[in-house]
Structure formats: C-alpha cells, structure tokens
Amino acid sequence: MNMQQALKQHFGYESFREGQKEVVTSVLNGHHTLALLPTGTGKSLCYQLPGYMLKGSVLIVSPLLSLMQDQVEQLRVQGEKKAVALNSFLSPAERKNVLDSLENYRFIYISPEMLSNPYVIEKCSRLMISLFVIDEAHCISQWGYDFRTDYLKLGQIRKQLNNPVTLALTATATEQVREDIIRLLELDPVDEWVFSVDRPNIAIQVEELDHFEAKTEKLMNLVNSLKKPGIVYFTSKKMAEEMALLLKQQGIKADAYHGGMEQEQRLLIQQQFLYGQLDVICATSAFGMGINKGDIRFVIHFHLPQQMESYLQEIGRAGRDGKPSVAILLYSPGDDSLPLSMIENELPEEYQIEAYYLNPERSLEIGLTDVQERFLRFYQILSSHTAETVRQVKKIRSERIAYKIGKFKEVKAWLNSNSCRRKGILSYFNEKAPLRILNCCDQCGVNLDHYSANEGEDSEIPIESWEMTLRRLLLRK
DNA sequence: CGTATCCTGAATACTCAGGATACGGTGCCGTATT
C-alpha cells in the first residue's frame with residue numbers, strides 16, 4: 001500500500017497538509033527526522049501514518065499525561081485499539097501487563113520519566129520499534145537542563161533501544177534549539193524539515209501602560225469588547241484567579257486554569273472552554289499544550305513571557321481556523337521583575353550547591369524546592385570528586401541563568417523595538433520578512449475595532465495586501 | 001523588582017506610616033525489582 005492509499009484508508013483524507021508528506025516520506029526512508037511544523041498542522045499524522053505502513057511498534061515520548069490520554073482516546077475513536085499510554089495512571093498490575101505484551105501495541109505513548117526506568121528500557125529494548133517519536137521536542141531543550149532532567153537522558157536511552165529511526169516533532173524551535181535537540185538525541189545524519197512559523201491571520205499588538213492599575217483596566221475593557229472566546233495569560237496563579245473572579249463579576253463567562261488546581265477541575269474547565277460554555281480562560285503557562293480549539297479569537301498576555309518561543313507558542317493558539325484573530329501583549333513598568341526573579345530563584349544558590357554535595361546529611365536543612373533538589377541529584381553524576389562536582393554544577397547553574405536572562409532580554413528588545421512585530425518574531429526564527437500584510441501589528445497599523453464583538457459575523461477583515469494577493473495569483477499553477 | 005501581608009511604634013486616632021518578609025511557573029514519578 002502506498003502513502004496515499006494509507007492516508008485515505010486510515011484517516012479518510014484525500015491529500016496531505018503542508019509538510020506532512022515530506023516528513024512521512026523521510027521517516028519511511030529510514031532517516032532520522034526533525035520537523036518544525038506550525039501549530040495545527042496535524043503533527044500526529046506524521047508518525048501515525050508510518051505506524052500503519054511499517055512493521056513493529058511506534059514509541060512516542062510525550063510531555064503530558066493528558067496529552068497521551070487524548071491521543072490514545074483519539075486513536076480509539078479512529079478505530080485503533082492497539083494504542084496505550086504507559087504512565088502512572090496505570091495500576092501496577094495493568095502496567096505489568098502492558099510491559100509484558102508491548103509487541104501487541106502499535107502505538108505506545110510514554111513519559112520521559114517512565115522511559116528512564118531501567119526495567120522499562122530493558123522491556124522496550126526487546127521490542128521491534130518501527131519509529132521512536134519525541135513529541136513537543138523543544139521540551140528537551142526547554143525543560144531538560146533543569147525542570148525535567150529525564151529529557152536529557154533520551155539520547156542515551158535511544159542508544160539502549162538500539163538506535164531506532166527517530167522523529168522529533170515541534171512547532172517552536174529556533175535554529176539553536178533545533179541543534180540542541182539533534183545533539184542531545186544524537187541524530188546523525190538527520191533530515192530537517194522546517195516550515196514557516198508565521199500565522200498571518202493573527203494580528204500582533206503590544207501596548208505599554210503607565211502602571212499596574214491602568215493595565216488591569218485595559219484588560220477589563222479588552223475582554224469586554226473583543227470577540228470571544230479568548231485566553232488571558234498570567235505568570236501568577238493567584239493573579240489568574242483574581243482576574244477570573246473580576247471578569248465573572250462583570251457577567252463574563254470566565255474561569256481560571258493553572259497547575260495548582262485539582263486535575264479533575266482542570267479537565268472540567270478545559271472541556272467547558274472547548275465546548276463553548278466558557279468564553280475566557282485566565283491561565284498560567286500550564287494551559288494550552290494539546291488544546292485543539294479552532295475558534296480562539298484572542299490571546300492576551302497580562303505578564304511578560306520568558307522567551308520568544310513561549311510567546312509564539314501561546315499566541316499560536318489563536319485562530320487555528322484561519323480566521324482573523326488578535327494577540328495583545330500588555331505591559332507596565334516593573335513587569336521585568338517577575339520573570340527575572342523566577343529565573344534567579346529556579347536553580348539552587350551557590351551555598352546550597354555546596355551544602356548539598358559537601359554535607360549531604362544536612363541538605364534537608366537548606367530548604368531546597370522540589371525542582372532544585374532534582375537538579376542537584378541529576379548532576380551529581382558529573383564527577384567522583386565532590387569538590388569538582390560542586391565546581392561544575394556552579395558553572396552549569398550560572399550558565400543556565402545567563403542563558404535564560406539572555407532569552408528574556410530578547411523579549412525585551414522585541415518589545416522596545418520600533419519595527420514590525422511580525423518581522424521581529426520571524427527574524428528571531430531566522431525567517432525572512434513576510435510580504436506586507438494588512439492588520440499586521442501595532443507598528444504597521446492595526447485596527448482593533450475589527451476584532452470587537454460588535455463587528456458583524458460576516459464582516460470581512462482584510463489580511464492580505466494587494467501585493468500578496470497578486471503574488472498568490474501569479475504563483476498559482 | 002513588585003505586591004501583599006504582617007508587625008511595630010507612634011501617639012492616644014473604631015489608625016496609620018513605614019519596615020520586614022514572603023512570594024512568584026511549567027509535571028513526571030514504586031526511591032525494594034518485577
């Protein structure tokens with residue numbers, strides 16, 4: 001069966017979307033592949049289709065339990081029964097059952113943490129793996145060095161799994177991050193498929209306000225007037241909750257979503273938003289990965305993102321249906337402080353590094369957070385000499401902090417620039433400037449009235465400029 | 001670096017100014033061996 005037939009048979013599609021064919025072909029030819037496809041392109045098809053055409057099982061590393069459950073659920077709906085999520089939702093008995101019969105599954109989803117378990121590696125190494133997939137592969141670079149260090153082990157694990165053909169998928173990765181992914185996974189040689197991250201139907205607006213109160217007031221006005229549904233991003237859980245409450249009091253169907261809430265509650269809010277019972281989600285960065293909602297009309301940032309990648313990923317949740325949408329970033333003096341302090345506080349301080357390695361018996365007294373403790377434990381392996389470990393970990397710490405501050409400074413530079421916002425984002429991802437579009441950004445000119453709830457359903461909001469239309473027509477085959 | 005909260009001392013006020021302090025995001029996982 002060829003690709004086209006398989007596509008029709010298993011997914012019911014007649015044709016591929018941009019990028020899918022190239023990625024699938026590369027994988028079927030047995031090449032390690034890194035694919036950067038814009039949000040909403042149907043990345044899962046890139047490994048599911050080969051899964052049907054190749055012999056063996058597809059092993060998919062996924063960052064979130066909810067994502068895995070969703071994917072398995074979706075496969076079941078498509079009629080695929082041989083799919084399983086190997087994670088802590090399984091009881092010990094279920095887990096043993098699955099591990100003892102891995103070859104019966106065509107699609108196996110797993111977390112990097114679970115896949116770091118030696119017993120699990122051993123079981124998987126006996127499996128015929130047709131394809132090893134890293135979904136949301138930017139997590140390797142973004143989380144691997146500190147927050148979820150098991151991501152850094154994937155290169156080693158890949159070898160223990162006998163070097164299976166590997167596909168790394170992401171929607172946001174700069175050239176540097178892509179290099180990082182390839183190096184850490186030890187993919188050599190590799191086919192890279194990089195498609196534009198631009199989303200021309202999303203207008204980009206940045207607005208500076210004099211102080212915090214003005215920013216809050218602006219937010220209220222925007223949420224009241226803009227066409228919904230929409231997402232408002234905050235850096236603080238508390239603020240997300242307070243603003244959700246404030247919006248509710250104004251009669252807006254809003255609610256909060258963050259990592260501190262009960263799993264059940266998070267799921268409920270997500271479902272309500274998905275099915276239109278909620279219009280506005282006030283969320284932290286916990287919200288969004290794997291959210292498949294096409295009609296999100298606005299994404300507002302009430303706090304500054306830590307890096308351009310996060311920003312692009314978050315605004316990319318708007319307008320997946322291709323209809324005009326808007327991304328608005330609000331900031332006021334002093335907004336730098338929160339991201340900067342979070343960067344500084346994430347990793348252990350120098351004295352804590354010393355205390356942890358030099359006086360392990362006293363390490364409980366130095367008040368390490370969960371993340372700090374795991375960071376120190378992970379890098380313990382660096383040297384058999386304690387003093388050397390301390391020296392190296394201090395170095396890793398300061399380099400990592402400097403790197404993250406550098407990333408944040410890029411956000412600031414973008415904010416303070418006087419040129420086209422879209423051009424700024426694209427050049428950050430090494431893309432050339434796009435053709436001039438209408439309703440591009442605050443620098444090029446954008447009329448927010450177009451995005452207001454009062455604007456009629458059928459009103460046309462121009463996106464294409466005449467130059468673009470002309471070029472599109474000329475290029476048509 | 002800001003905001004929120006709690007405490008203290010002033011002055012004698014059903015308070016208030018100002019200092020000290022804490023806090024701020026993302027998620028996986030049997031720390032026994034099967």
Side-chain angles (χ1 to χ4, degrees), chain A residues 61-69 85-102 109-123 126 136 138-154 172 211-213 215-216 233-243 256-263 266 282-290 301-307 309-311 313-314 331-347 367 369-375 377-378 380 404-405 408 412:
Chain A
V61 178
S62 171
L64 300 181
L65 300 179
S66 61
L67 219 54
M68 295 184 214
Q69 304 295 117
L86 188 47
N87 58 37
S88 58
F89 284 169
L90 298 180
S91 71
E94 288 170 328
R95 189 182 148 186
K96 187 176 186 326
N97 268 337
V98 174
L99 281 171
D100 286 341
S101 59
L102 282 178
Y109 290 85
I110 193 166
S111 66
E113 286 81 6
M114 181 70 83
L115 189 56
S116 298
N117 180 313
Y119 181 68
V120 175
I121 296 177
E122 157 67 17
K123 284 289 188 184
R126 293 163 188 269
E136 309 285 355
H138 58 277
C139 293
I140 295 176
S141 179
Q142 196 172 316
W143 284 349
Y145 294 99
D146 36 47
F147 182 50
R148 289 175 70 180
T149 47
D150 286 317
Y151 261 109
L152 284 199
K153 299 177 186 163
L154 290 177
T172 33
H211 40 254
F212 184 81
E213 290 73 22
K215 197 168 70 165
T216 310
Y233 276 107
F234 299 85
T235 298
S236 133
K237 301 177 201 171
K238 200 170 156 193
M239 199 78 84
E241 286 192 355
E242 284 174 6
M243 290 298 175
Y257 182 104
H258 57 73
M261 290 165 30
E262 292 294 327
Q263 194 64 39
R266 286 173 65 164
C282 295
T284 62
S285 57
F287 186 76
M289 226 187 252
H301 280 76
F302 189 80
H303 286 137
L304 299 180
Q306 272 191 29
Q307 41 174 284
E309 285 104 307
S310 319
Y311 183 65
Q313 193 142 48
E314 284 160 4
Y331 76 105
S332 57
D335 279 1
D336 300 16
S337 59
L338 187 50
L340 282 174
S341 95
M342 289 200 348
I343 291 168
E344 299 277 357
N345 295 332
E346 177 173 26
L347 297 180
T369 64
D370 206 32
V371 174
Q372 290 170 338
E373 209 263 327
R374 235 190 2 262
F375 171 84
R377 190 158 18 107
F378 178 73
Q380 192 142 30
K404 287 197 169 179
I405 289 177
F408 180 62
K412 293 268 326 218

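Quick caveat, the model's predicted, so the values are computed rather than measured. Protein chains get the first letters and strands the later ones, always in sequence-line order, with residue 1 at the start of each. Values reported hereafter were calculated over all heavy atoms of this structure, with side chains retained and with hydrogens, waters and symmetry mates removed.
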Quickly work out the A:Glu136 CD to B:dG27 P distance and round it to whole Å.
13 Å

Just to verify, what does A:Phe147 make a ring pair (Phe, Tyr, Trp, His ring centres under 6.0 Å) with, not counting sequence neighbours?
A:Trp143

Could you spell out the base pairing of DNA chain B as a dot-bracket line? Use Watson-Crick and G-U wobble contacts where both distances are under 3.5 Å, [ ] for crossing pairs, | for partners on a different strand.
((((((((((....))))))))))..........

Between B:dT33 and B:dG27, how far is it from one C1' atom to the other, in whole Å?
25 Å

Between the protein and nucleotides 1-6 of chain B, are there any N/O to N/O pairs under 3.5 Å, and if so, what are the atom names and distances?
from: B:dC1; atom 1: O2; to: A:Ser337; atom 2: OG; distance (Å): 3.4

Which whole number of Å gives the distance between the P atom of B:dA11 and that of B:dC16?
16 Å

With C1' as the reference atom in both, quote the distance from B:dT31 to B:dG25 in angstrom, rounded to an integer.
26 Å

Might you work through the side chain to side chain contact (heavy atoms under 4.5 Å, CB included) test for A:Asn345 and A:Gln372, ending with a clear yes or no?
CA-CA 9 Å; A:Asn345 295 332; A:Gln372 290 170 338; 5.6 Å; no

Interatomic distance where CE belongs to A:Met342 and P belongs to B:dC23 [whole Å]
15 Å

Just jot down the ring pair (Phe, Tyr, Trp, His ring centres under 6.0 Å) partners of A:Phe234, sequence neighbours excluded, or say none.
A:Phe302

If I pick the P atom on B:dG24 and the same atom on B:dC29, what distance separates them, to the nearest angstrom?
25 Å

For nucleotides 29-34 of chain B, 5' to 3', base contacts (B), sugar-phosphate-only contacts (S) and non-contacts (-) with protein non-hydrogen atoms under 4.0 Å give SBB--B

Qualifying salt bridge (Lys or Arg N to Asp or Glu O under 4.0 Å) pairs with a residue from residues 138-153 of chain A, counting only residues at least two apart or across chains:
A:Glu113-A:Arg148, A:Asp146-A:Arg400, A:Asp146-A:Lys404, A:Asp150-A:Lys153

Distance between P atoms of B:dA22 and B:dT26 (Å, rounded):
23 Å

When rounded to the nearest 0.5 angstrom, what is the spacing between SG in A:Cys282 and CE in A:Met239?
11.5 Å

Ignoring hydrogens and angles, state whether a donor on the side chain of A:His138 or A:Glu309 is under 3.5 Å from an acceptor on the partner side chain.
no

